[in-house]
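Please read the structure below before turning to the comments.
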Amino acid sequence: QVQLGESGGGSVQAGGSLKLSCAASGRTFGIYAMAWFRQAAGEEREFVAEIRWNSGSTSYGDSVKERFAISRDAAENRMSLQMNSLKPEDTAVYYCALKTNAYTSRYDYWGQGTQVTVSS
């Protein structure tokens, strides 16, 4: 089993920045990738960013490209999301997720989520 814990959420004005962190603990030897998703009230869950654990290669959702940056510290089993130029539409609960299998799009473990609120 793997446990994921997010931190760093909060409230910020539009144009501001926040940094989210996710710490993985437990049986973390088989990480293939970690990612951030978000879900705004009344909306479906949305992919934000992913980082492949070994290579460090990254991918982003279209709505956050050029504004958000995902990174990882493989030695610490920790992932971060630097969010810049925040917009009110970035308001959501942000979830950390972990994938152990390269051959499926399914994420195996999820954190509890952290609220990000951006005011105009």
Side-chain angles (χ1 to χ4, degrees):
Q1 281 287 72
V2 174
Q3 294 78 43
L4 300 176
E6 301 100 335
S7 61
S11 298
V12 65
Q13 289 193 325
S17 299
L18 280 175
K19 186 174 184 177
L20 305 182
S21 293
C22 176
S25 60
R27 295 170 65 87
T28 58
F29 53 84
I31 299 175
Y32 173 72
M34 292 185 71
W36 290 97
F37 290 78
R38 67 186 184 186
Q39 188 166 20
E43 302 289 331
E44 292 188 354
R45 187 170 60 197
E46 177 188 14
F47 169 76
V48 175
E50 179 191 82
I51 188 163
R52 303 285 175 88
W53 213 242
N54 286 340
S55 68
S57 63
T58 60
S59 60
Y60 295 90
D62 289 341
S63 61
V64 306
K65 282 180 181 176
E66 309 300 331
R67 298 188 299 123
F68 291 10
I70 189 171
S71 61
R72 59 87 167 100
D73 183 335
E76 296 291 328
N77 291 323
R78 183 177 294 274
M79 172 182 68
S80 296
L81 184 70
Q82 178 66 45
M83 305 185 294
N84 300 323
S85 302
L86 283 161
K87 305 175 181 179
E89 51 263 45
D90 294 317
T91 295
V93 177
Y94 283 70
Y95 296 92
C96 168
L98 183 151
K99 182 191 296 188
T100 60
N101 190 334
Y103 303 104
T104 176
S105 61
R106 182 177 61 89
Y107 284 81
D108 304 285
Y109 301 98
W110 293 83
Q112 293 298 309
T114 185
Q115 177 71 45
V116 170
T117 302
V118 184
S119 59
S120 58

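Keep in mind that the numbers below use all heavy atoms, side chains included, and drop hydrogens, waters and symmetry copies. Quantities reported herein were computed from a predicted structural model and do not represent experimental measurements.
No continuous path of hydrophobic side-chain contacts links Trp110 to Val2 [ILVMFWY only; heavy atoms under 4.5 Å].
Ion pairing between a basic and an acidic side chain is recognised when a charged N comes within 4.0 Å of a carboxylate O; Lys87 and Asp90 show no such pairing. Under 4.0 Å is where a charged nitrogen must lie from a carboxylate oxygen, and between Lys99 and Glu50 at least one such pair does.
Rounding to the nearest 0.5 Å places CG of Asp108 at 7.5 Å from OG1 of Thr104. If you take CZ on Arg78 and OG on Ser21, they are separated by 5.5 Å, rounding to the nearest 0.5 Å. A distance of 12.0 Å separates OG of Ser80 from CD of Glu6, quoted to the nearest 0.5 Å. Expressed to the nearest 0.5 Å, how far OG of Ser57 lies from CD1 of Ile70 amounts to 10.0 Å. Atom CD1 of Ile31 is separated from atom CG of Leu98 by 4.5 Å, given to the nearest 0.5 angstrom. From Asn84, atom CG reaches atom CD of Glu66 across 11.5 Å, with rounding to the nearest 0.5 Å.
Around the CD atom of Gln112, the shell of radius 6.0 Å holds no more than 12 heavy atoms that belong to other residues, nucleotides or ligands.
Across Leu81, Val48, Leu20, Val116, a single residue satisfies side chain to side chain contact (heavy atoms under 4.5 Å, CB included) together with Arg38, and that is Val48.
Taking the six-membered ring for Trp and the full ring otherwise, Trp36 and Phe47 have centroids separated by 6.0 Å or more.
The aromatic rings of Tyr107 and Phe37 sit perpendicular to each other, their planes meeting at more than 60°, with 30° as the lower class boundary. Aromatic ring pairs are classed by plane angle as parallel below 30°, tilted from 30° to 60° and perpendicular above 60°; the pair Phe68 and Tyr94 is tilted.
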### Message
Please evaluate residues Asn77 and Arg72 with respect to the criterion side-chain contact (heavy atoms from CB on, under 4.5 Å), reporting the C-alpha separation (whole Å), side-chain torsions for both, the decisive distance (0.1 Å), and the verdict.
### Response
CA-CA 7 Å; Asn77 291 323; Arg72 59 87 167 100; over 6 Å; no

### Message
Applying side-chain hydrogen bond (donor to acceptor under 3.5 Å, both in side chains) to Ser63 and Glu46, what does each step give before you reach the verdict?
### Response
CA-CA 10 Å; Ser63 61; Glu46 177 188 14; 2.9 Å; yes

### Task
Please step through side-chain contact (heavy atoms from CB on, under 4.5 Å) for the pair Asn54 and Arg52, ending with a clear verdict.
CA-CA 6 Å; Asn54 286 340; Arg52 303 285 175 88; over 6 Å; no

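Using a 4.5 Å heavy-atom cutoff, the side chains of Met79 and Ser71 are not in contact. Two residues are said to be in side-chain contact when any heavy atoms from C-beta on lie closer than 4.5 Å; Leu4 and Met34 meet this criterion.
Shown here for Ser17 and Ser85, the closest heavy-atom pair between the two residues is OG-N, 4.4 Å. Counting all heavy atoms, side chain and backbone alike, Thr91 lies closest to Val118 at OG1-N, 2.8 Å. Of all non-hydrogen atoms in Pro88 and Ser119, the two that sit nearest each other are CG-C, 4.5 Å.
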